[in-house]
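Just below is one structure, and these are the notes that go with it.
All chains are named by letter (A, B, ...) in the order of the sequence lines, taking the proteins before the strands, and each is independently numbered beginning at 1. What's counted below: heavy atoms across the whole structure, side chains too, no hydrogens, waters or symmetry copies.
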Amino acid sequence: MVLTIKNLTKEYMRGNTAFYAVDNVNLSIDRSEFVSIIGRSGSGKSTLLNMIAGLIKPTSGSISVDGQDILALNDKCISLYRNSKIGYVPQGNTALGDLTVLDNVRLPFYLHKHMGDPTSKALSLLEQLGISHLAKMFPKHLSGGELRRVFIARALINDPVMLIADEPTSDLDAETTIEIMELFSQIAKKGTSILLVTHELDTIKYGDSVYVMEKGKLTRGDSVLLTSDF
Amino acid sequence: MILKPLTTFRLSMNNLRQKPFRTACLFAVVAILTSVFFGGSILTASLENGLYSLQSRLGADIMVVPEGNDTNVEDILIKAEPSNFYFSANIADEIKKIEGVDKVTAQFFMTPLSSACCSIVIPIIAFDPETDFLIQPWITKVYNDPIKDGEMITGSSVLPLEDNTLMFFNKSYPIIANLKRTGTGLDGSVYVTKDTMKQLIIDAKEVGADISTDENVEESVSAIFIKIDPAYDSRLIAREIKQKVPNVDTIVSQHIVSNISNSLKVLESYIHLITAVVWILGALVILIVFSVTLNERKKEFAIFRILGATRKKLVAIVLTESFLVSIVGEIIGIILASLVVFPFSDLISSKLQLPYLQPQNSSILAIIALSLILSILVGILASIYGALKISKAETYLTMREGE
């Protein structure tokens, strides 16, 4: 298994009342598997994703990625994990405006020690994603769809075992959404596991399996989807 | 395609380059801080150096001048102003008899009053090489033979003609030595023997040139300089001279030095105060600019964290930026201050009316190094808080704030 989550819980306090953003979640993702999690805003899916990315500490439970318990890692190790084991495509525009497209993609390579030629690899990724002609441009000159491709390339630069994406198509038009989702499918077919959270029903058909997140609880979603309105 | 690695240094450089206005403002603040510190330090070092030079150059413990001219002595020593006070040369013999007086030598001052007659209008000081203990020690540092009649020795700021002579009253005088700079009025004087002075006065009369004296060099002197036995107190001997020799004023060298030293202390305290105020304000400006800037860059640092940057890496990026700002600002500041303190040192000296002697290159380099250390320290201290704050920020929450 690439990802194994057991009894994961995140509890927050709202005033004096405790509420569970993530409530006793269990999830496993295999190599090359493409998993979609769908849910309304505030259902806890982004919290779950951020816990998997090591950005939020859970209240209880365990997360194991590629056999490694990520909750036991210190800052240096969790940073290395985020840099090498996973590729994270966060919500919204997360480009570094001072760097060119090519440097945005190359950047994760230089944050820790890696072997190889990051420039060739970044150019190759940009080529595969159909935006190599934008390599020398700055992010402000790119459209939403082009930027999303840049973030995917950036997430793949260190050959992660799993790509996690938070609402990757939320601000894209229908045509670009299809292009991006097909890209994710291709990436999964090449061996990288994909975990994607979304609130758009149109996108879930690209995944191998679908889960629904509601009030912090994660359930297998194939049947629920038929009756839910997202 | 070969591209440079995205090292911490390059990322910091890139950030500075991409925000030219903010970077220029930071450079300007550090440059102002450094130029004030460097300029102020060079100024105070030059004044202290000048005072030390004057102290060691004075050589005499007591100076005796005609009554009412004690204040003029400081003008001669510091500003090289023309003087025309004289008294009988026999006074030197009377002073020699006083107990505790070790050495006595006299000098005769004369200044041409018109530039038409001479290549330069500066005070000419006649001394007696046989009794002199003031100028001779400085001459031996640059010239081994004794000065002869018809020869001249110049202070450091006196510029000779091309053939290394000076023209006075249609006669040319060879310059045998140029004394080391002292930062005092002594730099702007010419030194000759009594016989040369006699000849100069005769020549001046022959050509009808105005000079500051019509006294006889053999019978009159302008000032008598006394070296006392170390076992005696110079102030007590000065008092005894005043009692025993009529119509004279005595000046104790220590008194001149302490007077100048007092003026210097006041000036230095102002310089230190201004420097301290500018540095505190500058440090606050840098602190505010860095804090505001880092606050604006919270999302940028959150992205770095998402991509796998450690907290140390974020701190390193911020501190490298601050370091680069400090270095560049420091260089600009030193260049700006140097453009003022070095080319205009003579003007500063004349405006301050205090002995002013630029420190040696090694001291200047030490001041540059100290300015650099201080500017880097201020830059780092001003940015470290923001850097640590940004590194400890919760990435997830920061990203949400940015949405």
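- When the shell of 6.0 Å around CZ of B/F342 is examined, it contains more than 12 heavy atoms from other residues, nucleotides or ligands.
- Remark: B/I303 CD1 to A/R154 CZ distance equals 6.0 Å, nearest 0.5 Å.
- Comparing B/K312, B/K19, B/Q18 by how many heavy-atom pairs each has under 4.5 Å with chain A, the most go to B/Q18.
- The main-chain N or O of B/R311 is found under 3.5 Å from a side-chain atom of A/D75 such that the two form a donor-acceptor pair.
- Neither the backbone nor the side chain of A/K85 comes within contact range of chain B; no heavy atoms are under 4.5 Å apart.
- Put simply, the side chain of A/T94 does not reach to within 4.5 Å of the side chain of B/I306, judged on heavy atoms.
- For the atom pair CZ of B/F304 and CG of A/L96, the computed distance is 5.0 Å after rounding to the nearest 0.5 Å.
- For A/I86, no part lies under 4.5 angstrom from a heavy atom of chain B.
- When each of B/T310, B/L307, B/N14 is checked for heavy-atom pairs under 4.5 Å with chain A, B/L307 comes out on top.
- The contact between B/R10 and chain A is made entirely by side chain atoms (from C-beta outward), counting heavy-atom distances below 4.5 Å.
- Of the two parts of A/A95, only the backbone, made up of N, CA, C and O, holds a non-hydrogen atom closer than 4.5 Å to a non-hydrogen atom of chain B.
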query = Can A/Y110 and B/L11 be said to form a side chain to side chain contact (heavy atoms under 4.5 Å, CB included), step by step?
reply = CA-CA 11 Å; A/Y110 291 104; B/L11 288 168; over 6 Å; no

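- Atom CZ of A/F19 has more than 12 neighbouring heavy atoms from other residues, nucleotides or ligands inside a 6.0 Å radius.
- A/F138 touches chain B through its side chain: at least one heavy atom from C-beta onward sits under 4.5 Å away, while N, CA, C and O do not.
- In this structure, B/G308 and A/R82 approach most closely via the heavy-atom pair CA-CB, 4.2 Å.
- Distance NZ/A/K76 to NZ/B/K313: 12.0 Å, rounded to 0.5 Å.
- In the displayed structure, B/K389 atom NZ is contacted under 6.0 Å by at most 12 heavy atoms of other residues, nucleotides or ligands.
- Heavy atoms closer than 4.5 Å to chain B are found nowhere in A/I78, neither backbone nor side chain.
- Nearest heavy-atom pair, A/R106 versus B/K4, reported as atom, atom and distance to 0.1 Å: NH2-O, 2.8 Å.
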ask   = Between A/D103 and B/L6, is a side chain to side chain contact (heavy atoms under 4.5 Å, CB included) present by the stated rule, with each step listed?
value = CA-CA 8 Å; A/D103 280 346; B/L6 294 173; 3.8 Å; yes

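- When all heavy atoms are compared, the tightest approach of A/S79 to B/A309 is OG-O, 3.6 Å.
- Contact tally against chain B (heavy-atom pairs below 4.5 Å) for A/L111, A/D98, A/N83: the top residue is A/D98.
- Of the residues considered (A/P108, A/A155, A/P118), A/P108 shows the highest number of contacts with chain B, using heavy-atom pairs under 4.5 Å.
- Of the atoms belonging to B/R305, heavy atoms from both backbone and side chain fall under 4.5 Å from chain A.
- Enclosure of atom CD in A/E11 by more than 12 non-hydrogen atoms of other residues, nucleotides or ligands within 6.0 angstrom is indicated.
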